[in-house]
Each structure stands twice: as structure tokens, then as C-alpha cells.
Amino acid sequence: MPHIDSYYAATQAVSCDFEPLTTHIEADVCVVGGGLAGLTTARELLRLGKSVVLLEGNKVGFGASGRNGGFVSDGYAEDVLNLEKKLGVEHAKALFNISREGTKYVRQNIEGFAADGQDPQYHWLGVVRHDVGDKLEKSVEKLTTVYGADYAYWSTDQVRQHLKSNRYFQALEDRSAFHIHPLNYCVALAKDIQAGGGVIFEETQARALHKHHSHFMIETAHGSVKAGQVVLCGSAYMHDLFPKFEAAVLPVATYVVTTKVMPDKLREAISYKGCISDNRRAGDYYRLIEGGDRLLWGGRITTQKSEPKALSNLLRRDIEAIYPQLSGLEIDKAWSGLMGYCAHKMPILAELEPGIWAATATGGHGLNTTAAIGIVVAEAIAQKSDRYKLFAPFKAQWNGGPFGQVAAQMAYWGMQLQDAWDER
Ligand SMILES: Cc1cc2nc3c(=O)[nH]c(=O)nc-3n(C[C@H](O)[C@H](O)[C@H](O)COP(=O)(O)OP(=O)(O)OC[C@H]3O[C@@H](n4cnc5c(N)ncnc54)[C@H](O)[C@@H]3O)c2cc1C
């Protein structure tokens with residue numbers, strides 16, 4: 001399938017096309033999935049001397065990686081202070097440092113070989129929607145001193161100088177975060193893999209995976225791959241290849257819109273140039289694009305995979321609820337995407353069976369974590385480190401199968417209720 005009709009597809013500056021697989025081919029490693037997890041894994045394996053074949057069922061960047069909010073920041077979908085409660089400070093610190101490595105990796109790339117079609121804007125403001133007194137300031141202090149995070153605390157007055165909304169209170173500013181054009185980044189990685197000797201096939205769904213003596217056979221519609229090891233990076237888009245693992249990854253949809261050009265009204269309402277999001281369990285995330293002429297706004301999560309017909313109106317109303325002064329704004333593009341979540345909100349980075357690895361389920365915090373797990377899984381396969389063991393507590397847990405979707409949707413409604421309660 002081609003890329004969906006998103007703002008990113010409409011403004012794609014670099015493109016690439018790879019032929020489907022129509023023959024038999026061999027490699028040290030076969031990577032399944034051409035999103036940022038699969039692309040980073042493939043690139044890092046090549047750098048460590050492995051031969052790699054990457055299979056993508058649609059186009060490179062077709063999944064969440066080519067249509068997300070574009071915010072790159074340290075951490076995981078799970079809060080680092082929750083990790084600390086579960087694992088202790090040293091383990092949580094080691095995991096946080098790996099997430100920071102992912103952020104740095106993306107930054108170096110988009111400032112280097114992947115700079116085409118990027119206009120990175122730096123910093124991220126995480127605002128709260130109810131007055132939390134000095135609680136946030138204390139968290140910021142801890143995260144800076146204990147974890148070395150580059151965070152600053154903003155008072156309500158400071159926030160409202162930059163975001164003209166009375167819905168917002170205090171904020172945390174992450175000065176290591178930035179935002180990118182994710183589809184251009186996917187394509188740049190794919191081209192770099194090709195230049196480094198990796199082989200990519202598009203429109204090539206991996207349909208079956210069998211163990212044959214000391215190697216694996218991956219079957220596609222018109223060809224096959226023989227590989228010593230396999231890495232599963234299909235996230236929420238993977239189905240029927242390795243079912244017992246797929247049941248652990250819950251597909252969660254989220255929505256994004258871009259507005260038509262409205263520079264004056266927008267710049268008056270929002271003068272912060274970095275990313276902005278709120279602290280609700282299913283909050284809004286947004287940023288100015290094209291130098292402040294337009295707004296890219298994402299929000300809501302649901303387990304329903306279909307796009308609601310009234311997606312544009314839904315998000316337009318969300319924007320106007322925060323910034324009533326933007327009422328009458330027009331939506332240009334609206335789209336949805338699927339994120340792969342595991343119940344523990346951490347990525348799955350594990351050897352599921354000897355020779356079959358998973359590096360996936362990065363949830364809504366995937367732009368740095370796909371890079372982080374790509375680096376770490378490649379090191380594990382090339383036997384350069386055993387850092388993947390840090391992720392051992394986060395097993396591929398069953399999400400409840402068909403009931404998992406219902407449970408997750410109910411949990412989501414519960415989260416919305418809690419959000420509303422906090423605000424009241
Ligand atoms: C709308 C939206 C907004 C988001 N915003 C942000 C954000 O601002 N910041 C952030 O950090 N994170 C964000 N995320 C999350 C982030 O985008 C994801 O965590 C990340 O991109 C996941 O990358 P991935 O490579 O694991 O999966 P994907 O990008 O989904 O890629 C999986 C790929 O595997 C392919 N595939 C699946 N099965 C097979 C098979 N059997 N054979 C061949 N190919 C297969 C699919 O076609 C797909 O291309 C957002 C997600 C969405 C959906």
C-alpha cells in the first residue's frame with residue numbers, strides 16, 4: 001500500500017522505491033518491518049558487520065514511523081519515576097540513559113546525513129492542565145539531579161506568556177527534545193542502509209517464519225529469505241507471522257490534523273516554537289509548522305482502528321477548547337495511525353526463541369526509543385553487548401486477545417474520567 005494522505009506525504013522532500021522480493025535471498029539477519037525500529041536495527045547491524053535483508057509489507061515509513069507527531073525526546077511511554085519504583089534507581093537510570101542515546105542518535109542523524117527535508121525545532125514543553133503546586137518543580141529537580149535530564153521548570157505565568165490559554169498551568173521544558181519530519185527521516189535511513197550494502201524490499205509482507213536446522217526461512221508471496229537470525233519490528237501492523245508474540249502488542253490508534261495557513265491568529269496564541277503536549281493520560285500534542293503558519297495537532301487514543309468520519313471536527317473542537325481564539329480554523333489534512341503498546345508501556349526487546357528477536361512496541365514514545373532499541377538489539381545480535389538484558393523485566397505479556405481491546409478501551413475511558421476529575 002502507498003503512504004496515506006498525510007501532511008508528511010504531501011511535503012515529502014526525499015523519496016525512495018524498493019522492488020518487491022521475487023526470488024530467494026540469504027543474509028545473516030532478516031529484519032521484518034520498515035519503520036524506525038526496523039530501519040535503525042538494520043542500519044546498526046550493517047555497521048557491526050552483518051549482512052541484512054529488510055522486508056517491508058508496504059512502503060518504508062508506512063506505519064506509525066512515517067505519520068507521527070515528530071516529537072523526539074528522552075524517556076519511554078512509561079514514566080521514568082514509575083520505572084524507578086519498580087526497578088530501583090540504578091536500573092531506571094541505565095534504561096533512561098539508553099533512551100537518551102536514542103534521542104542523540106536521531107539528532108546526530110537529522111543534523112548529518114538525514115538533513116534533507118528537515119527543519120528541526122528544538123525544545124519541548126510539557127504543560128499540566130490543573131494546578132499542581134510545587135509537585136512538578138520537585139520532579140524536575142529530581143530528574144535533573146538524579147537522572148541528568150536537561151529539564152527546566154516553568155511557572156504558570158511563564159507558560160501563559162507563550163501559550164495564551166487559561167487551560168494551562170505549570171510546565172516542564174525538555175531542552176534536549178526537538179521535532180522532525182519523520183517520513184523524510186525514514187527515507188533517509190533507508191537510503192543510508194542501501195548505501196551501506198543492506199537490501200530492502202517493499203510491498204513484501206513476511207507471511208511465514210519457519211525454523212530449518214540452524215537457520216530460519218521467511219516466506220513472502222513471491223520469494224523467501226534464509227537468515228541466521230530474525231528481528232520482528234512490525235509493531236501494531238504485524239499479524240499472523242508470529243501469533244503468540246503478536247498477542248502481546250495492543251494496537252492503539254491516535255489522530256493527527258494539520259490546519260490551513262493562519263499565521264497571525266496562530267502566532268498570537270502560540271509563540272513557543274518547540275513541541276507542546278499536556279500531561280493528561282491521553283493528552284494533546286502539537287507544534288507550529290512552516291515557521292508558524294500552520295499548526296500540527298495530535299491527540300486522543302482509542303483501540304478502534306477505523307478513522308472516525310468526523311476526525312477533522314473532533315480535533316478542531318479539541319483545539320478550540322484550548323484556544324477559543326482560534327475558532328473557525330480550517331483543517332487541511334487529517335489522519336490516524338497505530339501504535340504498538342504492551343501492558344507495561346515499555347518496548348519489548350528480547351530474544352523470544354533462540355535466533356528470533358523482537359524490538360518493537362514503543363507505544364506513543366517511539367522516535368527516540370526505536371533508535372535506542374535498534375542500537376541495543378543490533379549489539380546483542382553482533383555479540384557486542386548484553387544491554388538488552390536491562391529490558392528483561394518487560395516481558396511480551398498477553399494483552400487479553402479480543403478481550404484485550406475491550407479492556408484497553410475501558411481503561412482509556414477510565415483514564416479520560418481521571419483526567420477530567422483532576423482538572424475539576
Ligand atoms: C499518530 C501518531 C503520532 C505519534 N507521535 C509520536 C511523537 O510525536 N513522538 C514519539 O516519540 N512517538 C510518537 N508516536 C509513536 C511512534 O511513531 C512509534 O512508536 C514508532 O514510530 C514505532 O515504530 P516501529 O518501527 O516500531 O513501527 P511502525 O512504524 O508502525 O512500523 C512497522 C512496519 O512494519 C511493517 N510490517 C508489519 N508486519 C510486517 C510483515 N509481516 N512483513 C513486512 N512488514 C511488516 C508495517 O507495514 C510497518 O511499516 C506516534 C504514533 C502515531 C501513530
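This one's a predicted model, so the numbers in the text were calculated from it and none came from an experiment. Atoms within each ligand, like the ligands themselves, are counted from 1 in listed order.
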Novice: For ligand 1, which atoms sit closer than 4.0 Å to a heavy atom of R67?
Specialist: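 Going through ligand 1 atom by atom, the ones under 4.0 Å from R67 are 1 (C).
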Novice: Among all the protein's non-hydrogen atoms, which is closest to atom 31 (O) of ligand 1, and how far away is it?
Specialist: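 Here the closest protein heavy atom is G35 CA, 3.5 Å.
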Novice: Hey, is ligand 1 close enough to L36 that some N/O pair sits below 3.5 Å?
Specialist: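 Yes, there is a polar N/O contact under 3.5 Å.
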Novice: Give the residue and atom name of whichever protein heavy atom lies nearest to atom 35 (C) of ligand 1, and the separation in Å to one decimal.
Specialist: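 Checking every protein heavy atom, the shortest distance to atom 35 (C) of ligand 1 gives E56 OE1, 3.2 Å.
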Novice: Would you call A236 a ligand 1 contact, heavy-atom distance under 4.0 Å?
Specialist: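 Not so, A236 does not reach ligand 1.
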Novice: Under 3.5 Å, N or O to N or O, is F71 touching ligand 1 that way?
Specialist: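 There is such a contact, yes.
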Novice: So is V256 polar-close to ligand 1, meaning N/O to N/O under 3.5 Å?
Specialist: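 Between V256 and ligand 1, no N or O pair is found under 3.5 Å apart.
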Novice: Does ligand 1 have an atom under 4.0 Å from some heavy atom of T204?
Specialist: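 The answer is yes: ligand 1 sits under 4.0 Å from a heavy atom of T204.
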Novice: Could you check atom 30 (O) of ligand 1 against the protein and tell me its nearest heavy-atom contact, residue, atom and distance included?
Specialist: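 Closest protein heavy atom to atom 30 (O) of ligand 1: A64 N, 3.1 Å.
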Novice: Just jot down the ligand 1 atoms closer than 4.0 angstrom to any heavy atom of G69, in number order.
Specialist: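 Result: 3 (C), 4 (C), 5 (N), 6 (C), 7 (C), 8 (O).
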Novice: Ignoring angles and geometry beyond distance, decide whether Y285 reaches within less than 3.5 Å of ligand 1 through its nitrogen or oxygen atoms.
Specialist: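 No, since none of the N or O atoms of Y285 sits under 3.5 Å from an N or O of ligand 1.
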Novice: Decide whether an N or O pair under 3.5 Å exists between N68 and ligand 1.
Specialist: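 Yes, at least one N or O pair falls under 3.5 Å.
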Novice: Using a plain distance cutoff, I'd like to know if G38 has any nitrogen or oxygen under 3.5 Å from a nitrogen or oxygen of ligand 1.
Specialist: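 For ligand 1, there is no N or O atom that lies under 3.5 Å from one belonging to G38.
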Novice: Have a look at Y272 and tell me which of W154, Y286, W124, Y122 forms a ring pair (Phe, Tyr, Trp, His ring centres under 6.0 Å) with it.
Specialist: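 With Y272 as partner, W154, Y286, W124, Y122 yield a single ring pair (Phe, Tyr, Trp, His ring centres under 6.0 Å), made by W154.
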Novice: Note the single closest protein heavy atom to atom 27 (O) of ligand 1, along with its residue, its atom name and the distance in Å.
Specialist: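 Heavy-atom neighbour on the protein nearest atom 27 (O) of ligand 1: S235 CB, 3.3 Å.
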Novice: Can you find an N or O of G70 that's nearer than 3.5 Å to an N or O of ligand 1?
Specialist: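 In this structure, G70 places an N or O atom under 3.5 Å from an N or O of ligand 1.
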Novice: Using ring centroids (six-membered ring only for Trp), state whether Y388 and W357 fall under 6.0 Å.
Specialist: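 W357 vs Y388: aromatic centres under 6.0 Å.
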Novice: When only distance counts, is A206 in polar contact with ligand 1, meaning an N/O pair under 3.5 Å?
Specialist: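 N/O-N/O distance under 3.5 Å: yes.
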Novice: Check the pair L209 / E219 against side-chain contact (heavy atoms from CB on, under 4.5 Å), numbers first and verdict last.
Specialist: CA-CA 6 Å; L209 169 60; E219 309 286 345; over 6 Å; no
Novice: Can a donor-acceptor pair be found, under 3.5 Å and without considering hydrogens, that links the side chain of E351 to the backbone of G355?
Specialist: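 Flag set: sc E351 to bb G355 pair under 3.5 Å.
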Novice: Answer yes when E202 and K59 have at least one side-chain N-carboxylate O distance shorter than 4.0 Å, and no when they do not.
Specialist: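 Judged by the 4.0 Å cut-off on N to carboxylate O distance, E202 and K59 do form a salt bridge.
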Novice: Please indicate whether any nitrogen or oxygen in S65 is less than 3.5 Å from any nitrogen or oxygen in ligand 1.
Specialist: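 Yes, S65 has an N/O under 3.5 Å of an N/O on ligand 1.
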Novice: What atoms of ligand 1 come closer than 4.0 angstrom to any heavy atom of C233?
Specialist: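 Result: 32 (C), 34 (O).
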Novice: For ligand 1, is there an N or O atom under 3.5 Å from any N or O atom of L338?
Specialist: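 No, since none of the N or O atoms of L338 sits under 3.5 Å from an N or O of ligand 1.
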Novice: Please write down residue, atom name and distance for the protein heavy atom closest to atom 34 (O) of ligand 1.
Specialist: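 Result for atom 34 (O) of ligand 1: G33 CA, 3.3 Å.
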